[in-house]
Asker: 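Please read through the structure below; I'll follow up with questions.
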Amino acid sequence: MFYKSTRNSNIKVESATAITQGISEEGGLFVPESIPELTLDEVKYLSGLNYSCRAAYVFKKFLTDFTDAEIQYCTDNAYSTKNFETESIAEISQLFDGTYMLELWHGPTCAFKDMALQILPYFLTTSAKKINIDKKIVILVATSGDTGKAALEGFKDVEGTQIMVFYPEDGVSPMQKRQMTTQEGSNVGVCAVKGNFDDCQNGVKAIFTDAEIKQKMSDAGLMFSSANSINWGRLVPQIVYYISTYASLAESGEIAYGDKLNVVVPTGNFGNILAAYYAKKMGLPIGKLICASNVNKVLTDFIETGVYDRNREFFATCSPSMDILISSNLERLLYIITNGDDAQIREWFTALAQTGKYEVTDAVKAVLKEEFFGGYCDDEQTKATIHDIYEKYSYTCDTHTAVAVKVYEDYKKATGDTTKTVIASTASPYKFSASVLEAIEGKKSDIDEYEMVDRLAELSDIPVPSALADLKNRERRFTGSIDKSEMNDFVAKEFGLN
Ligand SMILES: *Cc1c(COP(=O)(O)O)cnc(C)c1O
């Protein structure tokens, strides 16, 4: 199977190139030229396998240039109890009759990005080898908190890679800072930047596009690659857990093979929900895709009106990983819905870059409405939802997941749809202890973040993830802090380029 660029259908590469390159040279995203089929018999077969084998089975359909042994090498390394705290990898727990929480946060950094970032380093190094790149892969990440840590854990001690993460000195939570500055591994680096997230991001972009640095890297046997969420190697692992969940629910008799299942996803970059859409297009019996946003509701408005407009106020919310106004992966959805109309995609995304806005055709609007339901809620409703489901169902959920629960309740009220439903739970409640605790207790606490974790452990049935439990006692390894103008020099020094 080949991969095309959303902005130029003439570009055709194999998955190894798509993954190594990350983004197509003219700015488009790589998409499979056709979507492979998954039959109900195959879903039945998958029911009998563990997560790692289910993943390998799905990857074989998409990464057709990989050998079976290469795929197994990747899945064995990523999806084991070495990295995840539950045997099932993606844990399903029933919230109430017919509504299930898909807990995607039992990995090393307690958020769903581990599901993809645990395997991406293996995809990347395997891909590079396949296309005869013998350079060491260098990953640079600018992070506002979660992605940086998940990438560090993924790339930690993976042979043939090195990773450097920049974070805004005063722009991450104390817990996030501690998670990153205590990072273990022989190939990792972390550095604070005196500035905000945009400064970090612009600095990394400038390094990526600096021809002189690129040449020096190449001379030194190094190459840059990207771990960000537009890489196909991050999207394809996310398709797996929707298929796996269906297989598990059918195996345990919660649903019958062939029954429709709705999916609710708290959304930012549109990656996670797009993976569910791919699973549906493959043939998995998914009903409605419910897209949940916080007050940065650019996607809710888009599904409602067909107009994407990022020209609006930006809000910092208690679900910060969804504070996004440009949902990059939407480009892939529109490419599929327009049957690969690359000229149309170019037009819309050029307009987005130039004016911050585009409007899709009536035909696309109709498909959006049929496949998706968009909804949003504010911080107060998010916290009220955490409180409610804690009281009603003794279940503790994080702020992002709570947005999904609330939007699902609104969906049910609006439609009366009683189809069984899976809600993607994207972070451990411990990761956002301050907001979760405030929601449950009805007041802000003035204790520090470690005490909040202990307090939450007293209130909740969910054990403290080991990665957060021993954070207090970990040694701080990275104390560097630089000006944004020093990022180039820092990278040059770090990789011995002078
Ligand atoms: C990244 C993230 C999201 C948003 O996922 P997208 O794939 O960007 O839509 C939601 N919740 C949490 C906790 C996240 O870290």
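Being a predicted model, the structure only gives us computed values, none of them experimental. Every number for a ligand or one of its atoms is a count from 1 in the order of the listing.
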Asker: Taking only non-hydrogen atoms of Ser229, do any sit less than 4.0 angstrom from ligand 1?
Answerer: no
Asker: Give the atom numbers and elements of ligand 1 that come within less than 4.0 Å of a heavy atom of Thr267.
Answerer: 9 (O)
Asker: With heavy atoms of Gly268 as the reference, note each atom of ligand 1 found under 4.0 Å away.
Answerer: 4 (C), 6 (P), 8 (O), 9 (O)
Asker: Given the side-chain rings of Phe59 and Phe123, with only the six-membered ring counted for Trp, is the space between their centroids under 6.0 Å?
Answerer: yes
Asker: Would one find an N or O of Met322, backbone or side chain, under 3.5 Å from an N or O of ligand 1?
Answerer: no
Asker: Atoms of ligand 1 less than 4.0 Å from Asn272 heavy atoms?
Answerer: 7 (O)
Asker: Classify the contact between Phe112 and ligand 1 as side chain, backbone, both or neither, using a heavy-atom distance cut-off of under 4.0 Å.
Answerer: side chain
Asker: Hey, is ligand 1 close enough to Asp398 that some N/O pair sits below 3.5 Å?
Answerer: no
Asker: Verify whether the ring centers belonging to Tyr395 and Tyr390 lie closer than 6.0 Å.
Answerer: no
Asker: Is there side-chain contact between Phe432 and Ser319, with at least one heavy-atom pair below 4.5 Å?
Answerer: no
Asker: Do ligand 1 and Thr426 have nitrogen or oxygen atoms that lie under 3.5 Å from each other?
Answerer: yes
Asker: Are the side chains of Asn272 and Thr267 in contact, using a 4.5 Å heavy-atom criterion?
Answerer: no
Asker: Could you list which atoms of ligand 1 come closer than 4.0 Å to a heavy atom of Gly271?
Answerer: 6 (P), 7 (O), 9 (O)
Asker: Can you tell me the protein heavy atom closest to atom 8 (O) of ligand 1 and the distance?
Answerer: Asn269 N, 2.7 Å
Asker: Out of Trp348, Phe270, Phe302, which residue meets the ring pair (Phe, Tyr, Trp, His ring centres under 6.0 Å) rule with Tyr308?
Answerer: Phe302
Asker: With under 30° as parallel and over 60° as perpendicular, where do the rings of Tyr3 and Trp232 fit, or are they tilted in between?
Answerer: tilted
Asker: Checking side-chain hydrogen bond (donor to acceptor under 3.5 Å, both in side chains) between Thr6 and each of Glu26, Glu331, Arg332, Arg346, which is the one that passes?
Answerer: Glu331
Asker: Quick one: does Ala427 get an N or O within less than 3.5 Å of an N or O on ligand 1?
Answerer: no
Asker: Using a 3.5 Å cut-off on N or O atoms only, is Lys113 in polar contact with ligand 1?
Answerer: yes
Asker: Can a donor-acceptor pair be found, under 3.5 Å and without considering hydrogens, that links the side chain of Gln176 to the backbone of Ser173?
Answerer: yes
